[in-house]
Number of protein chains: 2
Amino acid sequence: MLTERQLYILKAIVDDYITNAEPVGSRTISKREDISFSPATIRNEMSDLEELGFLEKPHSSAGRIPSQKGYRYYVDHLLSPSILTKKDVSEIRSQLAVQFHESEQVIQQSAKMLSQLTSYTSIVLGPEVFESKLQQLQMIPISGEQAVVIIVTDSGHVESQTVQFPESVASADVEKVVNILNEKLRGVPIYQLQQKLSQEIAAVLKKYVSKYEVMIHTLKDIFSDQQQEKVYYGGKTNILSQPEFNDVERVRNILNLFEEDAVISKHLRSEDQGLTIRIGEENEFKPFDDLTIVTATYTLEGKYIGTLGILGPTRMEYPRVISLMEYFSKDMSKLLNKKQRD
Amino acid sequence: MLTERQLYILKAIVDDYITNAEPVGSRTISKREDISFSPATIRNEMSDLEELGFLEKPHSSAGRIPSQKGYRYYVDHLLSPSILTKKDVSEIRSQLAVQFHESEQVIQQSAKMLSQLTSYTSIVLGPEVFESKLQQLQMIPISGEQAVVIIVTDSGHVESQTVQFPESVASADVEKVVNILNEKLRGVPIYQLQQKLSQEIAAVLKKYVSKYEVMIHTLKDIFSDQQQEKVYYGGKTNILSQPEFNDVERVRNILNLFEEDAVISKHLRSEDQGLTIRIGEENEFKPFDDLTIVTATYTLEGKYIGTLGILGPTRMEYPRVISLMEYFSKDMSKLLNKKQRD
DNA sequence: GTTAGCACTCTTCCCTTACGAGTGCTAAAT
DNA sequence: ATTTAGCACTCGTAAGGGAAGAGTGCTAAC
């Protein structure tokens, strides 16, 4: 329903505003080499675009800026995919070429690079342990009723948790349980532990161990904790260099949010696989309603593992961010898969 | 060498500037009930105090503000120790009354409260494990030459690290070493591990294990890593609410610093036991040269464990901060000692 | 359908002015 | 010898008033 020319002008305005952060006037557009219309014509078109809701004016005698709807249209239909420069690619390559001990480092490093390359803030969600498999489970008594449960994965990651056992549980039984678990569960992916526990293990334990319900319950809790996603940040303060964040109070609110991992995690995750872009009020979370969040998922053998996220102003360099996100989500999946095979 | 009256006026000016963050004029001082001199007299005294370097003027027709030297004198000779209100004390009590599993939580919680109570930023240094004792050491092979070393303390804290062994080390030897270590080192405080290893254990291993040097070396590295101090923050963004931080660029620099734990740790630690106050350029670290840092140490059985720190503007509520720091450094020592006995 | 022209609107910048807070000095009072 | 009143002076800030510049929207001509 928009004419070719309107599309063209809309795109030009968004592009210009993204780079300059200032309202765009008709003259600026008409000066572009690839445009052959007079400012007046462009003004008319702009006026129409405003009526349609794609543009807005900060005040009556300023140029136009894209509205949220304008950005949305731009993202959906107009943006020319940017090709990553050789410099970008080689930089990414070299920084991810390092040998990482743990997948956690891959994630951390990716978050850092994403923020460096975009100069926005990056937030990456990833499980602390995911497809890695149980290598060994240990229960070490500390004192009286307390014990530390330790989970070691085949990737060398260690998770621990202190638990309380009621006195009624015999320590011989605990030992028995640990042995059974190690025997039955070694090599099982962490994310399946909980499920296997209820399905197969419960029956076995029932046979050999009294008071097995208490232990099953405790173990279930431990295993479910392992599935929570951790939040990694890159360039927390990058966002402060954007002109729209020149207000200390506003900055404070956002930075405080970054301390609440649970909240961030909840509002960053997207239901869809693949790339998601939420512009301004498309974010249901109030504090983000004048920001854009771009997320992408990364996978291992085709299954969801975690989420990459970029947080920036609605006036975001969409083309660049999108290509970077696509590149990274693929690359991380690749890296993790490679690690997996090692 | 300063007269009584000069002292009085200096104190009044600092007190006033600390609360109002605005240059203090002679009239303001003379209006105080406890002062019976005319503004003119006070002006003369102020002029003298300025000549002596205790005060300065932002510009010729403004009131005076304390110079760095002024604050220093105030802190050393003038400040009236503030008594914590009952409300403060009861709040601290109630929040630290919770049962903590690990000393790490005590530290974290203290950092949080210090920042809440002062509305500055608090930074606490503490070892991840310190006086707690080795409960069990484990070495779990992962693949080929890699193994995970796990250290469990009697407080239930778990530390782990992935290590590489040269192929030449036989796995039977590894097992032997672990057994010996557990036998000899159980109950030894973490901070003594390194020392004991060289002194007692080396000799024993020499007898039973071939290639023991490699293992000793690896173990030493692991144990020494355990002694590094961790950095805990409270209220990272509190400092933004101070009027002197109304500049986003400045804020950005400081917040970026907070990401560099090693740097912060290095410049926060003070050589002295007890309370230390570094005002403005007394901090050798440039980025802090217009801030004040107050540190205090906390101890366990008289030995240094870690450092509490408060970071704020030079115009800091010294009396309050000092009493809080004293209270906390005592209280934390107490809490940790109590935990120790449990 | 396009564009030149022009009046109109707003913002921004700069200048001036007025005001207020505060100082520093002098001369008088204590 | 101190203290203080008085007053001129300095400087920052707030308010007001153009003037300039950017940009629009409309009209009328191309």
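Every chain is numbered from 1 and lettered A, B, ... according to where its sequence line falls, protein lines coming before strand lines.
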Checklist line | Salt-bridge criterion met for K11(A) and D16(A) (N-O under 4.0 Å) | finding: no
Next item on the list: Kindly say whether the aromatic ring centers of F285(B) and F288(B) come within a distance under 6.0 Å.
Entry: yes
Item checked: Y120(B) (side chain) donor-acceptor with Q116(B) (main chain) under 3.5 angstrom -> no
Item checked: Quiz item: cation-pi between K69(A) and F54(A), 6.0 Å / 45° -> yes
Notebook entry, point to check: Any Lys/Arg nitrogen of D48(A) or R5(A) sitting under 4.0 Å from an Asp/Glu carboxylate oxygen of the other?
Noted result: no
Item checked: Nearest-Å distance for atom pair CG/C1', residues N20(B) and dA21(C) -> 15 Å
Item checked: E22(B) CD to dT13(D) P, straight-line distance once rounded to whole Å -> 10 Å
Check: Which residues within residues 47-68 of chain A lie with some heavy atom under 4.0 Å of an atom in DNA chain D?
Finding: K57(A), S60(A), S61(A), A62(A), G63(A), R64(A)
Notebook entry, point to check: Would you call E56(B) and R64(B) a salt bridge, using N to O less than 4.0 angstrom?
Noted result: no
Next item on the list: For the pair R320(A) and D88(A), find out whether any cationic side-chain nitrogen is under 4.0 Å from an anionic carboxylate oxygen.
Entry: yes
Item checked: Between C1' of dA5(D) and CZ of R27(B), the distance in whole Å -> 14 Å
Next item on the list: Quickly work out the D16(B) CG to dA21(C) P distance and round it to whole Å.
Entry: 15 Å
Note to self: Just to be sure I understand the geometry, which residues of residues 37-46 of chain A put a non-hydrogen atom under 4.0 Å away from DNA chain C?
What the structure shows: F37(A), S38(A), A40(A), T41(A), R43(A), N44(A)
Next item on the list: Look at E282(B) together with R72(B) and state whether they make a salt bridge at an N to O cut-off of under 4.0 Å.
Entry: yes
